[in-house]
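Bear in mind that the values here come from a model prediction, so they are computed numbers and not experimental data. All chains are named by letter (A, B, ...) in the order of the sequence lines, taking the proteins before the strands, and each is independently numbered beginning at 1. Values reported hereafter were calculated over all heavy atoms of this structure, with side chains retained and with hydrogens, waters and symmetry mates removed.
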There are 2 protein chains.
Amino acid sequence: MRPFVHPAIEDVQPEAILHALSDPNRAAIFAKIMTAGCVEACSAVSALGDRVIPKSSLSMHFKVLREAGLIRSERHGVEMRNHSRWDEVETRFPGLLAAIISAYAADAGTGPCRSGA
Amino acid sequence: MRPFVHPAIEDVQPEAILHALSDPNRAAIFAKIMTAGCVEACSAVSALGDRVIPKSSLSMHFKVLREAGLIRSERHGVEMRNHSRWDEVETRFPGLLAAIISAYAADAGTGPCRSGA
DNA sequence: TCGTTAGTTCCGAAGTTCTGAACTATGGGA
DNA sequence: TCCCATAGTTCAGAACTTCGGAACTAACGA
C-alpha cells in the first residue's frame, strides 16, 4: 500500500475538478465530506441513497477526488479520514466549488427523483 | 442527418455540464463561443492553440456541448451556427458557468503552458 | 450536373471505468 | 505471539467511452 498522493494546490487543474465532480456519486461523496467537515471512513458513505457502492469502486472514487485536489486523506489506524480542501481550492478557483455544489442542490430540487446527494 | 437535439433547460443536468466542460478542448470551444457570442462554423475553431482537431472529433465535441444544454446549434445553409445558452443556464445554475470559465482562465494564468482557451 | 465545402455517421482501435476477488495493513483479544 | 476481524488497496477482466480516419449526406455555385 503506497502512501496517499495529494497534489500541491498550484498543480490542481480545473479539468480534474470538473471530471471528479461530473460523477454524481463522487459529487455526493464530496458534498458529504463538505457538510460533515470530515468523513471518518469509506464505509460512512458506502450507501449513497438507495444504492450500495462496492468497496473497490469507493476506493477508486476517493482516489479520483484526492488526485483532483478536492480532499485530503490520512490514515488513522485502520481507517482513513477524509477532509475537504475547500479553503485551498476556493483560494485558487474562487466560487467554483460553491457553484457546483449548489448546481447539484438546485437539480435535486427540480429533478424527478435523485437518490444521492 | 437527423436534426439537432437541444434539451429543455429544465432537463439540463449539472453532471452533463461538468462532463462537457471537463475536457479542455470543449471548454476552449465553449469559451470561444461565449466570447464571440456566436461561432459560425466548426472550422472557425478547428485549430485550438497549435493542435488541429479532426472534423469528426469536433463534430462530437459540439454534440456533447449541445446535449449538455450549453450551446444551441442551427444550420444556415451549409454551415452550422452555434450560440451559447449562457442566459438560460445562468438562470438554472447561477454562477456555475462563470466560475468554470474563470477557473480555466486562472489556470491558464498560473500553469506552465496551456495552448487552448 | 459536377465539384467544393461543411458537417455527420460509422466503425475499429485505444483508453477509461467498474467491480469481484485476492491482497495488505492495523488493532484487539486469547 | 498468534489469530481474527475490519478497513481499505490492488489486480484483472468485462463493459463502456472516446478518438479519428474513411465514407457519407446536404447545400451551394459554376
**Complete:** The residue, B/V64 or A/S56, whose nearest nucleotide of DNA chain D is more 5′ is A/S56

Distance, rounded to the nearest Å, where [X] contributes [atom1] and [N] contributes [atom2]:
X	N	atom1	atom2	result
B/N82	C/dT8	CG	P	9 Å
A/I53	D/dA7	CD1	C1'	16 Å
B/F62	D/dC19	CZ	C1'	17 Å
B/M80	D/dT25	CE	C1'	15 Å
A/H61	C/dT17	NE2	P	10 Å
A/K55	C/dC18	NZ	P	18 Å
A/N25	C/dC18	CG	P	8 Å
B/R81	D/dA27	CZ	P	15 Å

**Prompt:** Is B/E90 salt-bridged to B/R85, going by a charged N under 4.0 Å from an acidic O?
**Reply:** no

**Prompt:** Hey, are A/H83 and A/R72 close enough side-chain-wise for a donor-acceptor pair under 3.5 Å?
**Reply:** no

**Message:** What contact category does A/H76 fall into here, base, sugar-phosphate, or nothing, at under 4.0 angstrom with non-hydrogen atoms?
**Reply:** nothing

**Prompt:** With a 4.0 Å cut-off on heavy atoms, is A/H19 in touch with a base, just the backbone sugar-phosphate, or nothing at all?
**Reply:** sugar-phosphate

**Asked** In terms of hydrophobic clustering (I, L, V, M, F, W, Y; side-chain heavy atoms under 4.5 Å; direct or indirect links), are B/V64 and B/L58 co-clustered?
**Response** no

**Asked** Going only through I, L, V, M, F, W and Y residues with side-chain contacts under 4.5 Å, is there a path from A/L18 to A/M60?
**Response** no

The side chain of [X] lies closest to which of these nucleotides: [options]?
X	options	value
B/R75	D/dT10, C/dG7, C/dC18	C/dG7
A/E79	D/dC19, C/dC18, D/dG8	D/dG8
B/V78	D/dG20, C/dC18, C/dT5	C/dT5
B/R66	D/dG21, D/dT9, C/dT8	C/dT8

**Message:** If I compare all heavy atoms of A/P24 with all of A/S22, which pair ends up nearest, and what's the gap?
**Reply:** CD-O, 3.6 Å

**Item:** B/S59 side-chain N/O to C/dG7 phosphate OP1/OP2 under 4.0 Å
**Value:** no

**Message:** On DNA chain C, compare the nucleotides closest to B/F4 and A/M60; which residue's is nearer the 5' end?
**Reply:** B/F4

